[in-house]
Amino acid sequence: MTEETKCSCGSANVALFPCAGAANVGQLSNKIAIELEKQGIGNLMCTAGIGARAPGLMKSAEASDRILTIDAAQ
């Protein structure tokens, strides 16, 4: 029997914001976010776009039920 992965946050509308940064360990956050998206847990979004206040990205983030940030900073 295969177990289905479920998001513990209780929402299908989850924004995933990884912070890959310039460090090699930062790339782990990006890999984790990609895997979470593949599993249907959330939608990968661009962290830099929030800093730039990109209108489309801001609207998508604001429409999300939950926001999950993944930061691998040391």
Side-chain angles (χ1 to χ4, degrees):
M1 178 191 292
T2 304
E3 273 189 52
E4 182 180 327
T5 303
K6 294 182 182 176
C7 179
S8 62
C9 61
S11 172
N13 187 13
V14 179
L16 302 172
F17 285 95
C19 180
N24 61 345
V25 293
Q27 292 301 313
L28 292 174
S29 69
N30 197 49
K31 288 181 179 184
I32 290 166
I34 289 169
E35 186 58 34
L36 290 172
E37 184 178 53
K38 283 181 184 176
Q39 292 180 20
I41 293 174
N43 300 306
L44 191 58
M45 295 193 184
C46 177
T47 306
I50 293 294
R53 305 208 45 90
L57 185 58
M58 295 297 293
K59 188 174 181 177
S60 293
E62 290 168 357
S64 298
D65 295 330
R66 305 243 188 236
I67 294 175
L68 175 63
T69 57
I70 307 168
D71 189 1
Q74 298 177 351

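Keep in mind it's a predicted model, so treat the numbers as computed, not measured.
Taking CZ from Phe17 and CD1 from Ile70, the interatomic distance works out to 11.0 Å, rounded to the nearest 0.5 Å.
Partners of Cys19 by side chain to side chain contact (heavy atoms under 4.5 Å, CB included), not counting sequence neighbours, listed by chain and number: Asp71.
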Run the numbers on Leu68 and Leu36 for side-chain contact (heavy atoms from CB on, under 4.5 Å), then give the verdict.
CA-CA 11 Å; Leu68 175 63; Leu36 290 172; 4.0 Å; yes
Side-chain donor-acceptor distances from residues 41-59 under 3.5 Å, at least two apart:
unit_1: Thr47; atom_1: OG1; unit_2: Pro18; atom_2: O; d: 2.5

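Minimum interatomic distance between Ile67 and Ala61 (heavy atoms only, all atoms of both residues): CD1-O, 3.9 Å.
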